[in-house]
Amino acid sequence: GTGTVTASPYPAEYDREYLSPVSLGTPAQILDLDFDTGSSDLWVFSSALPKSQTGGQTLYSPGNSSTSSVLENHTWSIRYGDGSGSSGTVVNELVTIGGISARRQALEIATQVSGSFTQDAASDGLLGLAFNSINTVRPTPQKTWFDNVQSSLAAPLFTVNLKKAAVGLYTFGAIDSKAHTGSIAYAPVNTKNGFWQFPLTGYAVGTGKFSNSSIDVIADTGTTLLMLPTNVVDAYYKGVKGAYYDTEYGAMVFPCTAKMPDFIFGLGSYRGSVPGSFISYGQINTSTCYGGLQSSEGLPFGILGDILLKAQEGNDGTWSTFEIGLGKP
Ligand SMILES: CC[C@H](C)[C@H](NC(=O)[C@@H](NC[C@H](O)[C@@H](N)CC(C)C)C(C)C)C(=O)N[C@@H](Cc1ccccc1)C(=O)OC
């Protein structure tokens, strides 16, 4: 079959993350999860968390579900690139998204979460959509929901259509022909690091010339910003009057009045564009704004986060959105 589920931006005006409803257990407990193509653990806020580490999230309670069973002697512990993390125990549970069910899905119960998760009342946990090889359950790593349901999907793929300040869609098992015009550009995925990793074929800043260069990136719906090698970031902000590296924030900032050039990227022969307005991400004070494009210095790849994934390009007045089709073609 095929299944679709909404992806709602939070907070509305910042698109910091996108949340999707997931049905857990029997009777159904609906939690809003952050679908994350940059990790491979499905973990949820739970009744097993100390109250001091919760902050308004919906808590999954395995005891209230007739279909949950403890996966004995298994634990998990995850650390994300932003320094946040969580850990806990594991149950097998019925997990349904857009009508597609995995009956015995490894569902990771948080018994500890770091501060940034506690403070994020909107997210009840994460659903990893990267590859099984980086699942953190021990002693036996567990499969992702997408991997578990793949055989019941009409096609072994999913697409992501995130939107700026609007509700988008995840679609499992089909490419929605209405959601794209023209042909689809494909890139060879390298799964060695467990991510949806592939090369960009170059970039351009505004109306500048396209620079051919192979840039290793991952598609990461769970990362808000667009993170690319420092030389690309420097080339971009050279086109932004008054931009500078703010050591306090450890980020590129600029006057909010600056005209932001579009960012063009190459995927094979396809050329995509991120509107300059998306790269003015938010205000750090009345006159200074924070860049949606930052350096990936120190990482073995760039990160195509939501700033790029939600991009809509207005060519000939129509609006097309990027979808990332992820799966074995
Ligand atoms: C299994 C752990 C997952 C896969 C973790 N994934 C990630 O951190 C990737 N995605 C990050 C997530 O999308 C995150 N932004 C979700 C939010 C809600 C916290 C980054 C690299 C783009 C990871 O690589 N963690 C590194 C730690 C790390 C990563 C990047 C920089 C610094 C340190 C690790 O533990 O590797 C074993």
Side-chain angles (χ1 to χ4, degrees), residues 7-11 14-20 22 31-45 53 55 57 74-88 90 106 108 110 112-147 160 162 170 189-198 200 215-230 250-251 281 292-310 324 326:
S8 300
Y10 180 83
Y14 285 104
D15 302 341
R16 193 185 67 222
E17 60 193 8
Y18 290 80
L19 298 160
S20 302
V22 175
L31 273 66
D32 291 329
L33 304 185
D34 184 354
F35 285 16
D36 181 19
T37 59
S39 66
S40 301
D41 283 52
L42 166 48
W43 71 263
V44 291
F45 272 75
Q53 293 185 25
Q57 294 82 5
H74 280 71
T75 59
W76 59 282
S77 175
I78 196 164
R79 174 73 52 213
Y80 298 102
D82 61 2
S84 64
S86 51
S87 60
V90 189
E108 302 170 33
Q112 175 270 327
V113 299
S114 63
S116 61
F117 286 117
T118 300
Q119 282 140 32
D120 182 358
S123 171
D124 303 326
L126 263 71
L127 186 129
L129 290 170
F131 293 87
N132 297 336
S133 59
I134 53 174
N135 175 267
T136 72
V137 175
R138 295 296 179 269
T140 318
Q142 301 295 304
K143 292 185 175 181
T144 66
W145 180 83
F146 174 59
D147 198 85
V160 186
L162 302 179
Y170 281 87
V189 170
N190 177 342
T191 62
K192 76 174 180 339
N193 292 318
F195 297 111
W196 293 94
Q197 187 168 334
F198 53 90
L200 290 184
I215 306 169
D216 242 14
V217 294
I218 67 169
D220 184 1
T221 55
T223 289
T224 310
L225 304 184
L226 172 56
M227 322 276 285
L228 291 172
T230 305
Y281 178 64
L293 170 60
Q294 296 295 339
S295 171
S296 60
E297 190 76 47
L299 291 178
F301 38 68
I303 306 173
L304 303 189
D306 300 335
I307 290 279
L308 181 142
L309 301 176
K310 70 187 179 185
I324 295 283
L326 301 167

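One-based numbering, in listed order, for ligands and for the atoms of each.
For the pair R16 and D306, the salt-bridge criterion is not met [side-chain N within less than 4.0 Å of a carboxylate O].
Contact annotation: for D34 versus ligand 1, heavy atoms closer than 4.0 Å belong to the side chain alone.
Residues S296 and F301 are not in side-chain contact: their nearest non-hydrogen atoms beyond the backbone lie 4.5 Å or more apart. Residues D124 and D32 form a side-chain contact, since some pair of their non-hydrogen atoms from C-beta on lies under 4.5 Å apart.
Considering every non-hydrogen atom in both T37 and A219, the closest pair reads OG1-O, 2.7 Å.
Protein heavy atom closest to atom 30 (C) of ligand 1, with residue, atom name and distance, is G81 CA, 3.3 Å. Given atom 27 (C) of ligand 1, the protein heavy atom at minimum distance is R79 O, 3.6 Å.
Considering F195, Y80, F131 only, the shortest heavy-atom separation from atom 24 (O) of ligand 1 involves F195. Which of D220, D306, T224 comes nearest to atom 20 (C) of ligand 1 through a heavy atom is settled by distance: it is D220. Residue I134 holds the heavy atom nearest to atom 1 (C) of ligand 1 of all those in I134, D82, D36, I303.
Using a 4.0 Å cut-off to heavy atoms of G38, the atoms of ligand 1 that qualify are 4 (C), 6 (N), 7 (C), 9 (C), 10 (N). Counting the atoms of ligand 1 from 1 in the order shown, those under 4.0 Å from a heavy atom of G222 are 13 (O), 14 (C), 15 (N), 16 (C), 17 (C). Within the listing of ligand 1, atoms 19 (C) sit less than 4.0 angstrom from a heavy atom of S84. Within ligand 1, the atoms closer than 4.0 Å to a non-hydrogen atom of L299 are 30 (C), 31 (C), numbered from 1 in the order shown.
For the residue pair N135 and E108, a side-chain donor N or O sits within less than 3.5 Å of a side-chain acceptor on the partner. T144 and S40 form no side-chain donor-acceptor contact under 3.5 Å, judged by distance and modelled atom types alone.
For atom 36 (O) of ligand 1, no protein non-hydrogen atom is found at a distance below 4.0 Å.
Judged by the shortest distance from any of its heavy atoms, I218 lies inside the 4.0 Å radius around the atoms of ligand 1.
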Between E297 and T230, does a side chain to side chain donor-acceptor pair (under 3.5 Å) hold up when you go through it step by step? CA-CA 6 Å; E297 190 76 47; T230 305; 2.4 Å; yes

Determine, step by step, whether F35 and W145 satisfy the ring pair (Phe, Tyr, Trp, His ring centres under 6.0 Å) criterion, reporting the C-alpha distance in whole Å, the side-chain angles of both residues, the deciding distance to 0.1 Å, and the verdict. CA-CA 11 Å; F35 285 16; W145 180 83; 7.6 Å; no

